[in-house]
Structures are given as C-alpha cells and as structure tokens.
Student: 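Handing you a structure now.
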Amino acid sequence: MAKKITMQQIADHLGVSKFVVSKALSGKGGVNEMTRERVIQAASQLGYFSQKKAYMRSPRTEPNTLKRSGAKHSVIVLMPNIRFQNRESLYWGKIMEGISISLEERGLGMVIISEQNVDNFVSLLNPEGILGLIGVGEISTPLLLEVHRMGLPIVLVDMEDPLIPSDTVFANNMDVMARLTTHLIGIGHQRLQFIGNDRYSRSFRDRSIGYRTALDEQGLPSQEGLVIPLPDLENGSFEPEIRSWISRKIKSKSLPTALVCANDAIALTARDVLIELGVRVPEEVSVSGFDNIADAAKGSPSLTTVHVPKEAMGRRAVEKLLERMDKAETPLEKILLAGDIVYRDSTAPAPDGSGS
C-alpha cells in the first residue's frame, strides 16, 4: 500500500512551511498566487490529490437507504459563472434541467451555489445531509480543492480540472466535430477556418482538435482561423472582433468557403455579419455551429449545428454521483455522450472553383 502523502512532505519538497501549504490547498487568503500555483503543482506531482478519501456522510446517506430515510438529502450544484451560466441560458439551462429532474425523481433536493469566493463558499456549505457536488461549467481550482478536502464526491459537467480527481461528463466533442468537418470537406470545401479559442474550455479545445484532425485526415492544411480573445468570449462581446476579421478577409479576397464555429452563439454572429456585409450564406460561405441552442433554428438561413444532449448530460451527472457513493474505490470515469449533426440551411456545397 502506497504511503500517504502529507502536507509536510509537500512543504519539505518546496522548502516552505506546512502552514503555507495548508493555506494554499484550502484556497484561503494569505498566500500569493505564484506560491499557491507552486504548491498545487507539487501536490499534484506527488500524488496528494489522487489519494482515496472517505466521503463525509453518515450511514443514512448511503444511496440504497435514501428512500427509507425520512430526512431530506440534497446535492450541491456549483455554478460560479452565474452571469452567463444560469438556468435561463439556452445551453446551461438544459443541463440544469436534467440535473433538477433527475434529483426530483429520486426525492433529492438541489442546492444551487454561485459563490466564487472560497471563504464564502465554505460558510454557505453545511455538510449535514449533503450527498455530494455536481459542478457545471468552468470552476476555479481553489473551490474544487475545498470540496475535495472535505471529502465530498464530485462530478463535473462540461469541465475538468487536471489537479482534482473527479468523474466528468462531456459531449463527445472531438469525434462529432471531426464528422461535421469531414462532411463540409466532402461537399467540396477546401478552404475552411475555425472560429473560437482553444483556451476557453476543454470542450472548445476538443472541438478544435476534431476540426484539425479531419483536415489532416483529408490532406488539407490547417489554416489559422479567428481566435476570439477570452474576455470577449466570456462576456459575449465578440461581434466587433468577428466583423473586423470578416471585413479584412473580404478586402484581401481570402474569405474561406466554410466557417466552422466553436458554438452556436459565434456561428449566429458570423452568419449575421456575413449577410450584413453582402456575403451570401450559404451560396458563398457556409457556416456551422455547435450545441443546437433554440436560436439555431431561427433566422435565415437556419444554422447547421451539432446537437449536444444537454439534459441527458445533467441526468447522467446525477447517476454518476450516486454510483460513485456506492463504489468509491472504482476508477474515475470520463463519460462521453454522443452528439448528432443537425443539417440546416446555413451549409451547402462549396462554390464552383472554390477548391482550386
């Protein structure tokens, strides 16, 4: 049996005090960001985070006794980026709906927490009656560290943290984006460009990899696309960036025949800007999105996209959390739910001669 890694060992490895390590791993103040990052990286390398922990629960919270217990048990749903990731969101709202329905079917409660400050989060959290946590979207490492430190089981949806061991649920972004890109190549497009930012999320990165994989398999060069700055992606203010990029492409007569966008919001913006600038969609430029939000079917032309099983992702996260409580020692899982391409009017065969 491997020897347990202690905070003192991490402190000795870095040449700092155990107090500094404790502060850094708990996410509390008093440690500068550079030191915190060093501690987290060292803890990960030494195997501190991968050590098995006993989940904090009383016998009555075992899954197979929940129905027999009269007490109300709940699951924390952590959604820190509440401004853009909320129940009204066309994307995140469906995931939340799946979580809510699945918990309700099991007679369990849901406690939504949007707090980003670690100290405030801890003050809000009452472990009594809490079965575990489902994290939705991007969540900071210090918050996840705090949950992990408390021993609560964690399932992350559409997000993963390389330092925090947890089960995760994603759409199969890479494979379905490769299929969509291969389809566009198959109908004659040889000048394609990706719009997004690999650093925004794991899903965006996987979609970009799927796109580039399809180009490579078809023997096409991976041309540099539009990398939208992270702040613009986070607050949805990327229209000027897209407009400027398309305008430059039109002026230089280098506009691609197909824009492969990382999500529907980007694709709908690109479609509208192209039309405003006099470019016909899809006759001159095809546009595809990803997520199949409700707005994708609206407007003209309607958007070709990838349907992400958003509600099913939420449901599967609940199932995995309860499975993890029953089988704490089994290997962690990355669950991929298949997505489907939805063909609509925004894509068409490449214009004659476009591949030359």
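Small disclaimer: the values here were computed from a predicted structure and weren't measured. Below, all heavy atoms of this structure are taken into account, side chains as well, without hydrogens, waters or symmetry copies.
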Student: Short question: side chain of T182, backbone of A178 - any donor-acceptor pair under 3.5 Å?
Tutor: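 Flag set: sc T182 to bb A178 pair under 3.5 Å.
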Student: OH of Y343: more than 12 outside heavy atoms within 6.0 angstrom?
Tutor: yes
Student: Taking the side chain from D295 and the backbone from K298, do they hold a donor-acceptor pair closer than 3.5 Å?
Tutor: no
Student: Linking I/L/V/M/F/W/Y whenever their side-chain heavy atoms sit closer than 4.5 Å, directly or via other members, would L184 and V279 fall into one cluster?
Tutor: yes
Student: Give a yes or no answer on whether the side chain of N197 reaches the backbone of R199 with a donor-acceptor pair at less than 3.5 Å.
Tutor: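 Judged by distance alone, yes, a pair lies under 3.5 Å.
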Student: Just by distance, do the side chain of N173 and the backbone of A171 share a donor-acceptor pair under 3.5 Å?
Tutor: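 Looks like yes, one N/O pair under 3.5 Å.
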Student: Kindly give the heavy-atom pair with the smallest separation between R202 and R205, and that separation in Å.
Tutor: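 So the two residues come closest at CD-NH2, 3.1 Å.
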Student: With the 4.5 Å side-chain cut-off for hydrophobic clustering, are F170 and L337 part of the same group?
Tutor: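 F170 and L337: separate clusters.
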Student: Any luck finding a side-chain donor-acceptor pair between R248 and S252 under 3.5 Å?
Tutor: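 The answer is no; no qualifying pair exists.
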Student: Has the side chain of K310 got a donor or acceptor atom that lies under 3.5 Å from a matching backbone atom of D291?
Tutor: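 Flag set: sc K310 to bb D291 pair under 3.5 Å.
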Student: Tell me, yes or no, whether the heavy-atom count around Q218 atom CD, taken from other residues, nucleotides or ligands under 6.0 Å, exceeds 12.
Tutor: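 Result for CD/Q218: enclosed.
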Student: Could you tell me whether the side chain of S244 and the main chain of P240 form a donor-acceptor pair under 3.5 Å?
Tutor: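 Side chain of S244 to backbone of P240, a donor-acceptor pair under 3.5 Å: no, none is there.
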Student: Do W92 and E97 have side-chain heavy atoms sitting under 4.5 Å apart?
Tutor: no
Student: Report whether I209 and V308 are members of the same hydrophobic cluster (ILVMFWY, side-chain heavy atoms less than 4.5 Å apart, transitive linking).
Tutor: no
Student: Can a donor-acceptor pair be found between the side chains of S102 and R106 at a distance below 3.5 Å?
Tutor: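 Result is yes, a qualifying pair exists.
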Student: Please check: side-chain N/O of D232 versus main-chain N/O of I228, any donor-acceptor pairing under 3.5 Å?
Tutor: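 Side chain of D232 to backbone of I228, a donor-acceptor pair under 3.5 Å: no, none is there.
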Student: Looking at side-chain heavy atoms only, is the closest gap between I101 and E311 below 4.5 Å?
Tutor: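 Yes - at least one pair of side-chain heavy atoms lies under 4.5 Å apart.
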Student: Does a salt bridge link E319 with R315, judged by any charged N lying under 4.0 Å from a carboxylate O?
Tutor: no
Student: Is the shortest heavy-atom distance from the side chain of W245 to the side chain of V273 under 4.5 Å?
Tutor: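 A side-chain contact under 4.5 Å is absent here.
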Student: Going by the side-chain contact (heavy atoms from CB on, under 4.5 Å) test, name the single residue among V155, V318, I134 that passes it with V169.
Tutor: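 Only one option passes, and that is V155.
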Student: Do N292 and V306 have side chains that approach each other closer than 4.5 Å (heavy atoms only, starting at C-beta)?
Tutor: no
Student: Following the transitive rule for hydrophobic clusters with a side-chain heavy-atom cut-off under 4.5 Å over Ile, Leu, Val, Met, Phe, Trp and Tyr, establish whether L277 and I275 coincide in one cluster.
Tutor: yes
Student: Hey, quick one: are V260 and V342 part of the same hydrophobic cluster, counting side-chain heavy atoms closer than 4.5 Å, chains of contacts allowed?
Tutor: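 Not linked; separate clusters.
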Student: Quick one: are L332 and R324 in side-chain contact, heavy atoms under 4.5 Å?
Tutor: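 A side-chain contact under 4.5 Å exists here.
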Student: Examine the side chains of R179 and N172 and answer whether a donor and an acceptor come within less than 3.5 Å of each other.
Tutor: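 Side-chain D/A pair, R179 to N172: absent.
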Student: Are E276 and R243 close enough for a salt bridge, meaning some N to O gap below 4.0 Å?
Tutor: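 Yes, this pair counts.
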Student: Just so I know, are the side chains of V176 and D340 near enough to count as touching, which here means a heavy-atom distance under 4.5 Å?
Tutor: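 Side-chain contact under 4.5 Å: no.
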Student: Going by heavy atoms in the side chains, are M174 and Y211 under 4.5 Å from each other?
Tutor: no
Student: Nearest 0.5 Å, please: how far is CE in M177 from SG in C261?
Tutor: 8.0 Å
Student: With a 3.5 Å cut-off and no angle check, do the side chains of T304 and T347 form a donor-acceptor pair?
Tutor: yes
Student: Backbone N or O of A348 within a donor-acceptor pair of the H189 side chain at under 3.5 Å?
Tutor: yes
Student: Has the side chain of R207 got a donor or acceptor atom that lies under 3.5 Å from a matching backbone atom of A262?
Tutor: yes
Student: Which atom pair, heavy atoms only, marks the closest approach of S74 to V111?
Tutor: CB-CG2, 3.9 Å
Student: Should we count NZ of K334 as having more than 12 external heavy atoms under 6.0 Å?
Tutor: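 Enclosed: over 12 neighbouring heavy atoms sit under 6.0 Å from NZ of K334.
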Student: If you take all heavy atoms of T305 and A296, which pair is closest and at what distance?
Tutor: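 Of all heavy-atom pairs spanning T305 and A296, the closest is CG2-CB, 4.4 Å.
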Student: Measuring from atom CE of M159 to atom CG of L78, what distance do you get when rounded to the nearest 0.5 angstrom?
Tutor: 9.5 Å
Student: With heavy-atom distances below 4.5 Å as the criterion, would you say the side chains of Q193 and L226 are in contact?
Tutor: no
Student: Just how far is it from atom CG of L233 to atom CD of E241, taken to the nearest 0.5 Å?
Tutor: 9.5 Å
Student: Which heavy atom in P256 sits nearest to a heavy atom in V285, and how many Å separate them?
Tutor: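 Closest approach of P256 to V285: O-CG2, 3.3 Å.
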Student: Working to the nearest 0.5 Å, report the span between CZ of R271 and OG of S300.
Tutor: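 Atom-to-atom, R271:CZ and S300:OG are 7.5 Å apart.
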Student: Please list all pairs meeting ring-ring contact (aromatic ring centres under 6.0 Å, His included) that have one or both residues in residues 262-293, counting only residues at least two apart or in different chains.
Tutor: none
Student: Donor-acceptor pair, S166 side chain versus I154 backbone, under 3.5 Å?
Tutor: no
Student: Ignoring hydrogens and geometry beyond distance, is a side-chain donor-acceptor pair present between D198 and S208 at under 3.5 Å?
Tutor: yes
